[in-house]
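For clarity, every value in this text was computed on a predicted model and none was experimentally measured. We count residues from 1, following the sequence as given.
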Amino acid sequence: MFASFCRRRLLLRIRKIPGEARNLLQLQSIPGAIHLAHSYSSTAVSRVPSSELCPATVSYLISCGLSPTAAATTATTQRIRIVSPDKADAVCALLRDYGFADADIVRTVRSAPSILVTDPERILRPKLDFFASLRFEPRKLATAPFLLVRSLDKNIVPSIRFLRDVIGGDDQLRRGFSRVPRALMADVERNMRPAVEALRRCGLDDAAISKLLVIQMGVLLTSPDRISEIFQELKAIGMCISDSRFLYCFRAMCGLKRGAWRRKLALLQSFGLSEGEVIKAFKTQPMLFLYADDNIKRKLRFLLDEVKLGISDVIAQPVILSYSLENCILPRCAVLSVLMKEGKIQRDIKLLQALLGNSTVFSTRYVVRHADDVPDVVKAYEGKIKFEGFTHDR
């Protein structure tokens, strides 16, 4: 169960703690100390004004997945004191009853440890009932656990009512929430309403706004000024509201900090691309601009240096840069290399086109089709045969 799982994790963590950090928890590592941290009979869980470190609290937080340092800091700065696990265990049990897996509970407590001092029946259960009625997934709630300590009547219910009016049915609302759970942390009057009104002022109709929020509910956390800036930036690169790609480009822009657009543009141009080519790629695959710089550079360097593709050819199919290098591109290259050696495909095959497509299409075309005659294609696809280049094959 969760309690024994956490205790095993705690024992392993304490054994790995070096130097002074281990000394801090010396009391917990002596025989019976962990039992002590879970068996006090005085006040179960409380918030106290004292900054004094409570070893039992630190021990419990470590058992819930926090590092020793984070547990000590949390116990002090958030003034959480867990003297007996009864109430905190009741919180974890309640979460489990509503479908939270052990990993979800660990994530919840790590992000919002104050939930352990929340009354499980009076405070948590009504919110969990409400979210369950909307069929919100527990694993998604675990990514935004502070929702569980917000006021149901003052915050959560008004937010859901507002979003229902804007988005429409609960199915759409659920899809939007699942993509950006933290968007529900936005205040209706300070964030949500101003953001929606800004979108309307910029020319989006209600249907477009509804679709945008389903695609990226995080727009509700964007300031009206920033929304206006994004509209101007998209207009400057020739994107108009009527373009079917506009909302997806807008979503990507919302994920970029001010100035990041120009930095990404400069990065891609450093590989020899024109501004026009980069802008065209952005319109086709806007999420490209949200990838980390190192991620983009590693994939481009591999495709240019190892696969020997041209940069203009790559950027004309920017979806290739959304593929994982380790889990997708490299295994596919290994498969194609094996098939070239065995003469099953032409050496002058258009590699970029061969690499594109979902896993089912690629597997059917190049792995399943040749598995009986060339068993190594299966090994290559599973990563057991590494890609060593096409230079000697082509």
Decide side chain to side chain contact (heavy atoms under 4.5 Å, CB included) for R182 and F146; before the verdict, give the C-alpha distance in whole Å, the side-chain angles of both, and the deciding distance to 0.1 Å.
-> CA-CA 9 Å; R182 66 186 180 87; F146 283 105; over 6 Å; no
Stepwise ring-ring contact (aromatic ring centres under 6.0 Å, His included) test for Y381 and F362 = CA-CA 10 Å; Y381 200 49; F362 183 88; 5.8 Å; yes
Side chain to side chain contact (heavy atoms under 4.5 Å, CB included) between M217 and I167, intermediate numbers included = CA-CA 10 Å; M217 198 177 282; I167 293 178; 3.7 Å; yes
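No single ILVMFWY cluster, assembled from side-chain heavy atoms under 4.5 Å apart, contains both I123 and L94.
Side-chain atoms of E137 and S178 include no donor-acceptor pair closer than 3.5 Å. With hydrogens and angles left out, the side-chain atoms of Y60 and D89 include a donor and acceptor closer than 3.5 Å.
Under the side-chain contact (heavy atoms from CB on, under 4.5 Å) test applied with K344, the options M340, K341, E342 reduce to a single match, E342.
Put simply, CG on L95 and CG on D104 are 9.0 Å apart, with the number rounded to the nearest 0.5 Å. For the atom pair L303 CG and L325 CG, the distance stands at 7.5 Å (nearest 0.5 Å). Separating the CD atom in E275 from the CD1 atom in I237 is a distance of 9.5 Å, to the nearest 0.5 Å. Going from atom CG of L163 over to atom CG of L220 covers 6.0 Å, rounded to the nearest 0.5 Å. Taken to the nearest 0.5 Å, the CG atom of L339 stands 12.5 Å off from the CZ atom of R365.
Within the 4.5 Å cutoff, the side chain of S359 has heavy atoms near those of the R332 side chain. Residues L124 and Y98 form no side-chain contact, since every pair of their non-hydrogen atoms from C-beta on lies 4.5 Å or further apart.
Formation of a donor-acceptor pair under 3.5 Å by the D376 side chain with backbone atoms of K379 is not found in this model. Between the side chain of K299 and the backbone N or O of Y323, at least one donor-acceptor pair lies under 3.5 Å. Looking at S322, its side chain never comes within 3.5 Å of a backbone N or O of P318 through a donor-acceptor pair. The main-chain N or O of I156 is never found under 3.5 Å from a side-chain atom of R150 such that the two would form a donor-acceptor pair. Q285 places no side-chain N or O within donor-acceptor distance of the main-chain N or O of M287, the cut-off being under 3.5 Å. Side chain of D170 to main chain of L173: no donor-acceptor pair is present (N/O by atom type, distance under 3.5 Å, no hydrogens or angles). In terms of modelled atom types and a separation under 3.5 Å, the side chain of T284 and the main chain of K280 share a donor-acceptor contact. Of the possible polar contacts, one joining the T143 side chain to the K140 backbone as a donor-acceptor pair under 3.5 Å is found. No donor-acceptor pair under 3.5 Å is formed between the side chain of K127 and the backbone N or O of L152. Here the side chain of S337 pairs no donor or acceptor atom with the backbone of F390 at under 3.5 angstrom.
Annotation: cation-pi geometry not satisfied between K264 and F282 (NZ/CZ under 6.0 angstrom from ring centroid, within 45° of ring axis).
Shown here is R369, whose CZ atom has no more than 12 heavy atoms of other residues, nucleotides or ligands within 6.0 Å.
A salt bridge links E233 with R226; the closest basic N to acidic carboxylate O contact falls under 4.0 Å.
By the ring-ring contact (aromatic ring centres under 6.0 Å, His included) test, F136 is found to be paired with F131, F177, residues two or more places apart in sequence or in another chain being considered.
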